[in-house]
Amino acid sequence: MRPCLLPALATALLVLLVSIASVHADDALVNPTADSLFKAGRELMEAQRFPEACAKIEESYRLDASAGTLLNLGRCNEALGKTATAWSLYKQAITLGNTTNKPRHVTAAQEFLEAVDAKLARIVITVREPAPGMTIKPSPARRTSS
């Protein structure tokens, strides 16, 4: 009976070692400088020191791009009243979240995007007669509130 246990034990040990190695490999992918900057930026956001916070989070993103960092950078810019910048960052977070299979980040970015969309300033230009060489493109469809 012992010879039958040896292959099963060896397989279980191999699975355990592979799973431990993959956890350590994921940890190795985290850029410690980016992580430190991100945490500092979050603390600054909590202290409502948004210009400093945005700078830290932006540098963190430059060093280690992630959808979660884009979400925080969007929230920081939104707190500064930079709604168009926040909107753009949320759009980027959706794209990156879809690419990196982070559905939780995609959902959050969509919610933030919808909320900030209502705050965006918009301009409408009516052209009666286009000038020669002028190109007119329709704006992307968006919901209007009644």
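Two different hydrophobic clusters hold Leu80 and Leu37 under the rule that ILVMFWY side chains link at heavy-atom gaps under 4.5 Å. Leu73 and Phe112 sit in two unconnected hydrophobic clusters of ILVMFWY residues. Membership requires side-chain heavy atoms under 4.5 Å apart, directly or through other members. A continuous path of hydrophobic side-chain contacts links Ile125 to Met134 [ILVMFWY only; heavy atoms under 4.5 Å]. Under the 4.5 Å side-chain heavy-atom criterion for ILVMFWY residues, a single connected hydrophobic cluster contains both Met45 and Leu89. No chain of hydrophobic side-chain contacts below 4.5 Å, direct or via other Ile, Leu, Val, Met, Phe, Trp or Tyr residues, connects Leu70 to Ile94.
No side-chain heavy atom of Glu111 sits under 4.5 Å from any side-chain heavy atom of Glu114. With contacts defined as side-chain heavy-atom distances shorter than 4.5 Å, the pair Phe50/Leu44 does not qualify.
To the nearest 0.5 Å, atoms NZ (Lys56) and CD (Glu59) are separated by 9.5 Å. Separating the CZ atom in Arg49 from the SG atom in Cys76 is a distance of 12.0 Å, to the nearest 0.5 Å. Separating the CH2 atom in Trp87 from the OG1 atom in Thr83 is a distance of 11.0 Å, to the nearest 0.5 Å. Between atom CD of residue Glu46 and atom CZ of residue Arg42 there is a gap of 6.0 Å, rounded to the nearest 0.5 Å. Here the straight-line distance linking atom NZ of Lys91 with atom CD of Gln110 works out to 9.0 Å at 0.5 Å rounding.
Panel note: side chain Ser88, backbone Ala84; no donor-acceptor pair is recorded below 3.5 Å. Not a single donor-acceptor pair under 3.5 Å links the side chain of Asp64 to the backbone N or O of Ser60. Judged purely by atom type and a 3.5 angstrom limit, Tyr90 uses its side chain to pair as donor or acceptor with the backbone of Arg75. Panel note: side chain Thr69, backbone Ala65; no donor-acceptor pair is recorded below 3.5 Å.
Counting heavy-atom neighbours within 6.0 Å of Glu78 CD, excluding the residue itself, gives a total above 12.
Here the shortest heavy-atom pairing between Val106 and Gly97 reads CG2-C, 3.5 Å. Between Leu96 and Ser66 the shortest heavy-atom distance is CD2-C, 3.4 Å. The shortest non-hydrogen separation linking Ala109 to Ala93 is CB-CB, 3.9 Å. Summarising the geometry of Ala34 relative to Leu63, their closest heavy-atom pair is CB-CB, 3.8 Å, with the distance given to 0.1 Å.
Look at Arg122 and Asp117 and you find a salt bridge, because one of the NZ, NE, NH1 or NH2 atoms lies within 4.0 Å of a carboxylate O, short of that distance.
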